[in-house]
Structures are given as structure tokens and as C-alpha cells.
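Please read the structure below before turning to the comments.
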Amino acid sequence: MTVIKEERIGGQRLILGDCREVMPTLGRFDAVVTDPPYGIKRDKGVGVGGSGFGGKRGEAVEVRRFRGGWDAARPAAEVFEAILSSAPCHIVWGGQFFADILPAQGKWLFWDKCQTMPSFGDGELAWTSLSGDAVKQFTYNGSGLHAKEKARSHPTQKPVALMEWCLGFVPDAETILDPFMGSGTTLVACQRLGRNGTGIELDPEYFRIACERVDEATRQPDLLIAPPAAQPVQEPLL
Ligand SMILES: C[S@@+](CC[C@H](N)C(=O)[O-])C[C@H]1O[C@@H](n2cnc3c(N)ncnc32)[C@H](O)[C@@H]1O
């Protein structure tokens, strides 16, 4: 069984399943924008809900333990081969963890997290197959005062603003694949920018959260951008 469950919300297609089985059945996309497991056990830890990190003074804050187990190992080389053959262009977050597998390439993206804790990393890198060799930087403090999302549902959840910035590098890509969808940030950005995203997620709880976030995005459209048309239902290739 490849596809366990599938939802179509707005212009997005969300699939609960293992991308190693599902990806070969989907055909080609205009771009892959994804954030695979890094293999460094980033699945551990807790998330804090409410308004800002720790909430307002004296307020009870909701502390959630993230669902773990998915970051024990990075994907095998064959999975990256499948990703590369799914589309002509690619943006892969956590790129430094896969630099020995992915082709040597010039254009890297850097997310500067405005980190002030000396023991934390300054940001994150994305490998891309885009032409050019300039490193491009996005500066965004995802937990700062001006951050749009105050609570995370996933330990490696990317800001929607970061994924919207990424999609700006593939302006003509109408169909986007994220085979490691997590909490659905790539698809939220696709919905907001009028693109058709397809996301695959193995964990039923993260799949549920992704559906919820995409649904919310359909109800908060960017008034300057036409929402994406619903994707046609297509019979699986296999
Ligand atoms: C680094 S996280 C992605 C986080 C995402 N960028 C977000 O903003 O929420 C990688 C996700 O891939 C999922 N995953 C791991 N192996 C998978 C597989 N074989 N097929 C589909 N999803 C998988 C994990 O459950 C995890 O949620």
C-alpha cells in the first residue's frame, strides 16, 4: 500500500505515505522544495504553544512533546536520485548533511536565524540545483517579536516566510513536490503564492497537522495573489 490517505485542500494535495514508495507513482513536477530528515536526531525536544516563547508572564503555557523517531538516519542515496529525477530544479534544506550525496553545485541558500545564543547555529543551509553560484541569504528571526508564527508543531518546522522566499527562486514552477512534508510549511507557502503543491508525510499526526495548516491558509488568502486551482485527480502511474 503506497498511499495510505490523501487529501486535496485548496490547490494542494497531501499524501500520507512513505515517499520512497509514493514518489515513483507521481510523475514529474516543475520543482522539488523539501526538508528531509538530517540524521542528527533533531526529532527530540518539546514545543511551546501560546503567545511567544514561554507565553506572557504568569500565563500557563502549553508544552507539547514532539513526535520523534524520524531523524535517526538521513535518506539513502536512492531517495535523492528519485528527488533529482522528479523535477528539473530542486531546493533541499539541510543541504550540508547531504553534500556528499548531492551533485557539487554553486548556488546555496542560507537562512540567517538572527541567533543570539552562542552555542546555537547561526542558521541553516539549502542545497539547490539552480543556476548561478551566488549564495543567497534570508534573514528572519522565527522566534522574535515580529515572527508571524509563534508556536511550532514540528521540531524542524520552517517559517512560512522562508519557504515563500525559496519559491521566489523558481517563479515559473507551478507544480511543487515536497516528499518530506512534515507539518506542511512548503504547501502553506504554495497555497499562499498560488502554486500547486504535493506533499508526502509518513507520520499520521504530522500529516493531520499539515492538513490543518493548509486548510487555515485557504481561509487566509493573500488578496494580491490568485489562489491556486484545485489539482486534477490523476490515476497513479503504477
Ligand atoms: C525535517 S522534517 C520536515 C519539516 C518541515 N519542513 C516542516 O516545516 O514542518 C522531515 C519530515 O519527513 C518525514 N519523513 C521521514 N521519512 C519519510 C518518508 N520515508 N516518507 C515521507 N515522510 C518522511 C518525517 O516524519 C518528518 O516529519
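For an aromatic pair to be called close, the ring centres must be under 6.0 Å apart, and Phe138 with Trp165 satisfies this.
Atom CG of Leu177 sits about 7.5 Å away from atom CD1 of Ile83, to the nearest 0.5 Å. Of the inter-residue distances, the one linking Cys211 atom SG with Glu201 atom CD reads 10.5 Å to the nearest 0.5 angstrom. The distance from atom CD of Gln220 to atom CG of Asp215, rounded to the nearest 0.5 Å, is 10.5 Å. Here the CG-NZ distance, from Asp133 to Lys107, works out to 7.5 Å after rounding to the nearest 0.5 Å. If you take CD on Gln231 and CZ on Arg8, they are separated by 6.0 Å, rounding to the nearest 0.5 Å.
Two residues are said to be in side-chain contact when any heavy atoms from C-beta on lie closer than 4.5 Å; Gln191 and Thr218 meet this criterion. In this structure, Phe169 and Cys89 have side chains that are not in contact, with every pair of non-hydrogen atoms separated by 4.5 Å or more. Between Leu26 and Ile15 the shortest side-chain heavy-atom distance falls below 4.5 Å. Residues Ser86 and Arg28 are not in side-chain contact: their nearest non-hydrogen atoms beyond the backbone lie 4.5 Å or more apart. Phe207 has its side chain within reach of Leu14: a pair of non-hydrogen atoms, C-beta onward, lies under 4.5 Å apart. Here the side chains of Leu202 and Cys19 are not in contact, with every heavy-atom distance at 4.5 Å or above. Looking at Trp93 and Trp111, their side chains come closer than 4.5 Å, going by heavy atoms from C-beta outward. Side-chain atoms of Glu164 and Leu193, non-hydrogen and from C-beta on, do get closer than 4.5 Å to each other.
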Using the rule given for side chain to side chain contact (heavy atoms under 4.5 Å, CB included), can you reason through Thr156 versus Asp35, listing the C-alpha separation, both sets of side-chain angles and the distance that settles it, and then say yes or no? CA-CA 9 Å; Thr156 64; Asp35 181 27; 4.0 Å; yes
Chi angles and distances behind the side chain to side chain contact (heavy atoms under 4.5 Å, CB included) call for Leu102, Phe80: CA-CA 7 Å; Leu102 292 165; Phe80 288 102; 3.8 Å; yes
Arg208/Glu205 under salt bridge (charged side-chain N to carboxylate O under 4.0 Å, His left out): CA gap, chis, key distance, verdict: CA-CA 5 Å; Arg208 186 192 64 74; Glu205 181 60 10; 2.6 Å; yes
Does the pair Leu167 and Ile176 meet the rule for a side chain to side chain contact (heavy atoms under 4.5 Å, CB included), with working shown? CA-CA 9 Å; Leu167 290 170; Ile176 311 283; 3.8 Å; yes
Applying side chain to side chain donor-acceptor pair (under 3.5 Å) to Arg213 and Thr185, what does each step give before you reach the verdict? CA-CA 8 Å; Arg213 292 182 71 214; Thr185 314; 3.0 Å; yes
Using side chain to side chain contact (heavy atoms under 4.5 Å, CB included), reason through Leu109 and Thr128 one step at a time and then give a plain yes or no. CA-CA 7 Å; Leu109 307 182; Thr128 82; 3.7 Å; yes
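Counting only residues at least two apart or in different chains, ring-ring contact (aromatic ring centres under 6.0 Å, His included) contacts with residues 5-43 comprise Tyr38-Phe97. Sorted by first then second residue, the salt bridge (charged side-chain N to carboxylate O under 4.0 Å, His left out) pairs that include residues 175-189, not counting sequence neighbours, number zero.
In this structure, the side chain of Asn196 engages the main chain of Gly11 through a donor-acceptor pair within 3.5 Å. Side-chain atoms of Gln12 come within 3.5 Å of backbone N or O of Arg195 as a donor-acceptor pair. Not one N or O on the side chain of Gln157 forms a donor-acceptor pair closer than 3.5 Å with the backbone of Arg152. In terms of modelled atom types and a separation under 3.5 Å, the side chain of Thr175 and the main chain of Asp30 share a donor-acceptor contact.
Hydrophobic side-chain contacts under 4.5 Å tie Met117 into a cluster, directly or through other members, with Phe120.
There is a side-chain donor-acceptor pair under 3.5 Å between Gln137 and Thr139.
Between Tyr206 and His154, the ring-plane angle classifies as tilted under the 30° and 60° cut-offs.
Heavy-atom neighbours of Lys136 NZ from other residues, nucleotides or ligands within 6.0 Å: at or below the threshold of 12. More than 12 non-hydrogen atoms from other residues, nucleotides or ligands lie less than 6.0 angstrom from CD of Gln105.
The two atoms that bring Pro179 and Thr34 nearest to each other are CD-OG1, 3.4 Å, heavy atoms only. The shortest non-hydrogen separation linking Gly17 to Ile200 is O-CG2, 3.5 Å. Closest heavy-atom contact between Pro171 and Gly168: CD-O, 3.5 Å. For the pair Pro37 and Pro75, the tightest heavy-atom approach, listed with the atom from each and the gap, is O-CD, 3.3 Å. The two atoms that bring Trp108 and Ala99 nearest to each other are CH2-CB, 4.4 Å, heavy atoms only. Scanning both residues, Met23 and Ala82, for their nearest heavy atoms gives CE-CB, 3.9 Å.
Under the rule for a side-chain hydrogen bond (donor to acceptor under 3.5 Å, both in side chains), the partners of Arg74 that lie at least two apart in sequence or sit in another chain are Asp100. In this view, Ser129 and His90 satisfy the side-chain hydrogen bond (donor to acceptor under 3.5 Å, both in side chains) rule, not counting sequence neighbours. For Glu124, the side-chain hydrogen bond (donor to acceptor under 3.5 Å, both in side chains) partners are Lys113, Lys158, not counting sequence neighbours.
Placement of Leu130 and Met163 within a single hydrophobic cluster is found when ILVMFWY residues are connected by side-chain heavy-atom separations under 4.5 Å, directly or transitively.
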